[in-house]
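These notes concern the structure reproduced below.
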Amino acid sequence: MLLQGNEAIVEGAIAAGCRFFAGYPITPATEISEVMSYRLPAVDGTFIQMEDEIASMGAIIGASLAGTKSMTATSGPGFSLMQENLGFACIAEVPCVIVNVMRGGPSTGIPTQVSQGDVMQARWGTHGDHPIIVLSVSTTQDCFSITVKAFNLAEKYRTPVIILADEVVAHTREKIFLPHPGEVEIIDRIRPNMPPDWYIPYEDTSRGVPPMAAFGEGYRYHVTGLVHDSRGFPTQRPDEVKGLMSRLFRKINQHFFDIQMVEEEATEDAEILTVAYGSVARSARRATREARHRGIKAGMVQLVTLWPFPRQILEPKLRKLRAVLVPELNVGQISREVKRINQGVTRVETLNRIDGNLITPAEILSRLMKM
Amino acid sequence: MAEVTKLIHKYLRHDKKFPHVWCPGCGNGILLGALIRAIDRTHLEKDEIVIVSGIGCSGRLSVYVDFNTLHTTHGRALTFATGVKLANPKLQVIVIMGDGDATAIGGNHFIHAARRNLNLTAIVVNNSIYGMTGGQYSPTTPYGSLATTSLHGNIEQAFSIAELAAMAGASMVSRGTVYHTSLLDELLEKAIHKRGFSVVEVISHCHTQYGRRNKMGNAADMLLWQKKSAVRIEKARTMSDEEMQDKFSIGVLVDRELPVYTQEYRKVREMAKKAMTQMR
């Protein structure tokens, strides 16, 4: 099949069980809304075009609380508007998926050009301390499979999951193999099985993820954006505040190995390593192969999970390297994180482009040759 | 047991989350009473009802009632309610907002929810001020009134929430006060039964933040002000603009049949399914 990245994201979402989408038109993410508007009603799902992105984010949280897997998609300006309710989804532990097809620049920026400028916003965009899961996609095939994974992680850990795509990935039309419905691993949120009177909606379990009841199922409980106790009611008691905040972090931290995903290319004997993600990973892979042909011991790690940062996977590799190159379409957002975990172990070099164009394999290769 | 005590036991989370946050004499408690009486009359099951609220004094109402309750972000209650309703149209979704909540920060959501005509009940408690944050002027603070952010008198014109909802396309628009409690029970019950977007503007008072500063007396005085200023819509229609000066109408202001979103969407699903089979 020949699909565009944005179209593949829709197929992935529907395969994962997404049955509700709320969105607002924005370049370069609009195709996701357009395809959702006719694909979802055909599978008894619901598409709605809201008045803005604040409303879109609110609507997908509401739908998820009513028991439906839900998603929205946007680009930078809309993503900024979503930050408010994104925080609500974090603290109230509402599973949902947000796609941000990144475009260049702050504000309206360059709507039709590529960028990776929202990596830090995806991590820290909403106010207050909070954990978040952010995944990136680099091919049309990724757009399908990573979207499925995003829903699975959201449901498993009761958290919003952000997919960072970029204009190049979203609009590249390429070959994709869509698996049969039965072949796709689908994870659903754990629902309570105790009698309603025994249900404690925000109980601290060993996994850190309490079972989630849908509105209307008989478990009447309170959902709020205020810091709450285990029954969901607002609290200011320091022990209860700390209890909630630490559990929110613990439920992600203790499952690092399940959440951290990378793809490796020729890393075993590599002396220099490229760390890349999104559309830049495509150029990096090609450059790595070319470098190998020229006898350079180059390797590459493609970050699929951006947040929580895959430190446990990268850290041991750094010790064996002569240097690391982090090419990205911003002034250095992931390279900053690589430097932070590197702590002077090896040399970290950056390759940045902020002119709205892709980093080419040739650019990466010429840097690798100098390293 | 007195009737009111029975309702309190049936519908309030009395063993879980009291005392409430409202000042003695606040209209929110009267609204809460009217709401549970209205819900009781509809004979809906508690599990079928979702109460969605915004931020502010009125927003705290959701925590006290034994339904599926959702306390959202400031101004956004209707957006969350839209998602809940569309994901499960069988649920009866009642949204409670304040005047600043619904018509300032949430003004865009308010007019679009009315235009879209989803089957939701929106209750807007209008006490003419931001009470919880300490008495700043809101979109419904009358011209010339004193607030902590208008020490020399408010220079902005006020919204009429009911007229705004009617112009934006709501199926049913009512206005009541917390003084006229039996009318309020009735208006809320009608609004819940109505198929389509129904708005109930509830004129209330904030004697702590608004009344005190504007020399309108205590809670009882402000209730009497509501009694004096409210005119039944039937009578108001016979009165001139001059006679209605400084008064407002109460009752069902608008009641019309418009296409309901969920019904319309069912048609979209059928057409989309047909189109997909043709594509194959």
Side-chain angles (χ1 to χ4, degrees), chain A residues 19-22 37-70 72 84-89 92 94 96 196 213-226 228-229 231-235, chain B residues 13 16-17 21 45-50 52-53 55 59-60 62-63 65-91 93 106 108-109 111-113 115-116 118 261-262 265-277 279:
Chain A
R19 289 297 177 271
F20 184 83
F21 181 95
S37 78
Y38 63 82
R39 287 284 280 123
L40 271 182
V43 292
D44 286 317
T46 306
F47 163 89
I48 187 167
Q49 186 170 304
M50 295 300 285
E51 53 273 19
D52 58 30
E53 288 87 350
I54 303 172
S56 304
M57 193 62 214
I60 69 164
I61 294 171
S64 185
L65 286 166
T68 303
K69 290 188 189 177
S70 57
T72 185
E84 178 196 37
N85 285 336
L86 181 60
F88 185 97
V94 185
C96 54
F215 285 164
E217 279 182 338
Y219 299 88
R220 295 185 303 275
Y221 72 108
H222 188 60
V223 181
T224 178
L226 287 166
H228 43 270
D229 61 19
R231 290 182 305 183
F233 297 123
T235 184
Chain B
R13 289 169 171 153
K16 289 181 184 163
K17 211 57 213 181
V21 297
E45 293 292 321
K46 289 199 278 186
D47 287 333
E48 292 175 82
I49 294 174
V50 183
V52 184
S53 65
I55 295 292
R60 291 301 181 103
S62 61
V63 78
V65 286
D66 186 19
F67 303 110
N68 305 285
T69 55
L70 173 55
H71 181 215
T72 66
T73 42
H74 196 25
R76 322 295 177 210
L78 282 167
T79 71
F80 286 68
T82 299
V84 172
K85 185 69 185 177
L86 289 175
N88 185 354
K90 284 184 209 134
L91 294 170
V93 184
N108 199 28
H109 310 308
I111 55 174
H112 286 280
R115 177 184 64 81
R116 201 172 278 132
L118 255 168
Y261 190 94
T262 39
Y265 201 76
R266 238 173 272 152
K267 294 180 208 162
V268 173
R269 279 185 182 165
E270 278 162 33
M271 288 186 282
K273 279 177 199 166
K274 216 177 278 173
M276 287 308 279
T277 40
M279 267 166 76

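Every chain is numbered from 1 and lettered A, B, ... according to where its sequence line falls, protein lines coming before strand lines.
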Contact check, side chains of A:Ile61 and B:Arg76, non-hydrogen atoms, under 4.5 Å: no
Interchain contact, B:Lys90 with chain A, by part (heavy-atom threshold 4.5 Å): neither
Flag side-chain contact, heavy atom, 4.5 Å: A:Pro41 against B:Lys273: no
Part of B:Arg60 lying under 4.5 Å from any heavy atom of chain A: side chain
Non-hydrogen side-chain atoms of B:His109 and A:Ile54 separated by less than 4.5 Å: yes
salt_bridge(A:Glu51, B:Arg116) N-O dist < 4.0 Å: yes
Chain B contact via A:Leu65 - which portion, at a heavy-atom distance below 4.5 Å: side chain
Side-chain donor-acceptor contact under 3.5 Å, B:Arg269 with A:Thr46: yes
Which portion of B:Leu91 sits near chain A, non-hydrogen atoms under 4.5 angstrom: side chain
Atom pair OG1 (B:Thr72) and CG (A:Asn85), whose distance is rounded to the nearest 0.5 Å: 7.5 Å
Closest approach of B:Ala87 to A:Thr68 (non-hydrogen atoms, all atoms of both residues): CB-OG1, 3.4 Å
Minimum-distance pair of heavy atoms, taken over all atoms of A:Tyr221 and B:Arg13: C-NH2, 3.4 Å
Heavy-atom closest contact (B:Val63 atom, A:Pro234 atom, distance): CG2-CD, 3.7 Å
Side-chain touch B:Thr82/A:Ile48, heavy atoms, less than 4.5 angstrom: yes
CZ on A:Arg220 to CG on B:Asn68, rounded to 0.5 Å: 7.5 Å
Spacing of A:Phe21 atom CZ and B:Leu86 atom CG [to the nearest 0.5 Å]: 14.0 Å
Side-chain heavy atoms of B:His112 within contact of A:Met50, under 4.5 Å: no
Close side-chain approach of B:Val268 and A:Tyr38, heavy atoms under 4.5 Å: no
Backbone of A:Phe47 reached by a side-chain donor or acceptor of B:Tyr265 within 3.5 Å: yes
Aromatic contact, A:Phe88 with B:Phe80 (centres under 6.0 Å): yes
Side chain, backbone, both or neither of A:Asp52 within contact of chain B (heavy atoms, under 4.5 Å): side chain
Minimal non-hydrogen separation, B:Asn88 against A:Ala66, with atom names: CB-CB, 4.3 Å
Toward chain B, the part of A:Ala22 with a non-hydrogen atom under 4.5 Å: neither
